Asks: 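Below is one structure. I have some questions about it.
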Amino acid sequence: MALFEQVVNGLIISIFYALAALGLSLIFGVLKIVNFAQGELYMLGGFVYYVFASLLGLPPVAAVLVAFAALFIVGALVERLLIDPIHAGKVERVDEYAIMITFGLAILLQNLMLGLFGPWTKRPDAILRGRVEIGELIISGDRLAAAGVGVLLIIAVLAFIRYTWAGKAIRAVSQDRETAGVIGVDARLTGMLAFGLGGALAGAAGALIGPVFLVYPTMGVIPVIKAYVIVVLGGLGSVPGAILGAFVLGQVESLATVLIPDTTRALAYKDAYGLVLLVLVLVFRPQGLFGERTRRA
Amino acid sequence: MNNQAKPIPSPAAATGLRRGILGLLVVAVFFAIPFLGLDEYWIYILTIGFYYGILASSWSLIVGYVGRISFAHAAMSGLGAYGSIFASTTFALPLYLAIPFAGVFTGLVGLAIGRLCLRLHGAYLGLTTIAFSEIVRITITAEHEITRGSLGLAAPALFESADRVQYYYSFLAVLLASLLVMWLVLRSRIGLFFAAIREDEDAAASLGVKVVRWKIFAFTFSSVIAGIAGAFYAHFIQLVAPSMMSLQEMGFILSMAVIGGFQNIFYAAMGGIVLEVLLEVLREIGEWRMAIFGAVVILVLRFAPNGLFGGFADYLASLGRRS
């Protein structure tokens, strides 16, 4: 039974992971950059949720949507101000610029929130309180509700990419930026949209997880590293790969914790399993499980 | 994408000489500082500034000259620190052997990482080096029976007396020595190989540059310097904790190199010293310091990619040309 409980817990964690990783993958797909500030967008989502749900008393689900919208705007602004100059040809050494400037953004946002709110953890109100019992399985309500909303959001975003014109534009620019331009897709606008959506997904993830794992300025540091593992596992830029990668990582982590007998050490190493996976995948199969092979990783 | 790098105005011989004289003046000022009756506390801060100067300049060697990103530099320094502590306590080596041992050890780790990451570029390399650095940090924290985990491990002191000035001069000497070695390497043919790899790896290979060899060399070389810096730091601070390898620490190094100017080892080193001093001067405003530095990193990258010192030097050079 303990094993089954671990599997279900792993599933729920995977949904949170998938939310954060999906945004990273969308951004990479369209703009071919890794956003090293994604964890801080996730953290901002947690704070927006805290402010709206706990301080202003909005209903929790509405506060999640506010976090989604607010981080969409933040993401779109970041793209226009910091990333777009790459495509305008104003930047030399594109790869290193994108890495360093998003890393700088992460430093800025983390310490900005430290200055504004202090390092203390906050526990915003959850969507659902108490426990839910399904047969012998007991799950805490806040986790289950957050996972449910998370699944709905993932489905909504997948449908948006699949069925709308803007979603088609995202897929087109992901495949080939120049050709997409030729057939009338505004690649700059699409880049903004992708970064906005990526930020919004991270923000929603932060808002949903806030009540479970608490809100504080460095809350994004560990989850974003998991998101890196997931997108690399699934192949950078691959949306189904990101979702599958999230489920693989969630299971690996929760099962590996059970399988290692020494509990303190097992817990201490929990965050390292995924990283070892990441290094192995990058060294032996850089395109990931689903990503397309490029000439050079 | 944008492969047409703008041509950098080649500094005339006269401005080169002027920069050399300016550099010697800066070094002379640092040598004179302990005689100026500065508070011991600031001598201590400057010593730590020299440590960051070594890390920022050796990091900029990979990023600015070879054009490869690395987030493993803080971890390398940490490995050097732990390596030297174990060498001097467990294996009872004297420090003048333990510190070089730490350098060799991190060099071997750097060699292995460089070998593994050969095919990786840009974001992929960034992610791999982040993963490596976190694996090292997590392992050292988890194996608390050996490393005392996050409590930190005590290190024997470099000198018997606690005289701050002694440490100040030894760190200044290590900084100058590492800058000299890096400068000699960079002005030799190897520096040209680095530049060729940075601008176009395939073209460099087609012209006979041993791309694989020099990429691995660069990673190993800068790891050795980081390891030695970490070892000296351990025997200066005398307590080393895994937080020394955190990504936050890596953020410090990156900010210092970028703000100083990561395309030049000397500007990066100055960035390390100046930022460490500023961190202390601005202690009153707490977390806002790093928020400001983060904002400056973004502005510098966007508008002055040569960094503040690089931009200032270019400005001086342009003045010289006009007159």
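Every heavy atom of this structure was used, including side-chain atoms; hydrogens, water molecules and symmetry mates were not. Note that the structure is a prediction, hence the values are computed from the model and not measured. We name chains A, B, ... by the order of the sequence lines, and we start the count at 1 in each one.
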Asks: Can you tell me how far CD1 of A:Ile107 sits from CD1 of B:Ile292, rounded to the nearest 0.5 angstrom?
Replies: 13.5 Å

Asks: To the nearest 0.5 Å, what is the distance between CD on B:Glu287 and CZ on A:Phe117?
Replies: 14.5 Å

Asks: Kindly indicate whether the side chain of B:Trp288, heavy atoms from C-beta on, has any atom under 4.5 Å from the side chain of A:Leu116.
Replies: yes

Asks: Side chain, backbone, both or neither: which part of B:Val63 has a heavy atom under 4.5 Å from chain A?
Replies: both

Asks: Heavy-atom distance under 4.5 Å to chain A: side chain of B:Thr139, backbone, both or neither?
Replies: both

Asks: Could you tell me which portion of B:Ile130 (side chain, backbone, both or neither) has an atom closer than 4.5 angstrom to a non-hydrogen atom of chain A?
Replies: side chain

Asks: State, yes or no, whether a side-chain contact exists between A:Tyr97 and B:Leu301 at a heavy-atom distance under 4.5 Å.
Replies: yes

Asks: Pick one of side chain, backbone, both or neither for B:Arg68, based on which atoms fall under 4.5 Å of a heavy atom in chain A.
Replies: backbone

Asks: Aromatic rings B:Phe71 and A:Phe36: how do their planes relate, parallel, tilted or perpendicular, breaks at 30° and 60°?
Replies: tilted

Asks: For B:Leu247, which atoms come within 4.5 Å of any heavy atom of chain A: side chain, backbone, both, or neither?
Replies: both

Asks: Is chain A contacted by the side chain of B:Thr141, its backbone, both, or neither, given a heavy-atom distance below 4.5 Å?
Replies: neither

Asks: Is any side-chain heavy atom of A:Met100 closer than 4.5 Å to a side-chain heavy atom of B:Val297?
Replies: no

Asks: Of the backbone (N, CA, C, O) and the side chain (C-beta and beyond), which part of B:Ile298 lies under 4.5 Å from a heavy atom of chain A, both, or neither?
Replies: both

Asks: Heavy-atom distances under 4.5 Å only: say whether B:Phe262 touches chain A with side chain, backbone, both or neither.
Replies: side chain

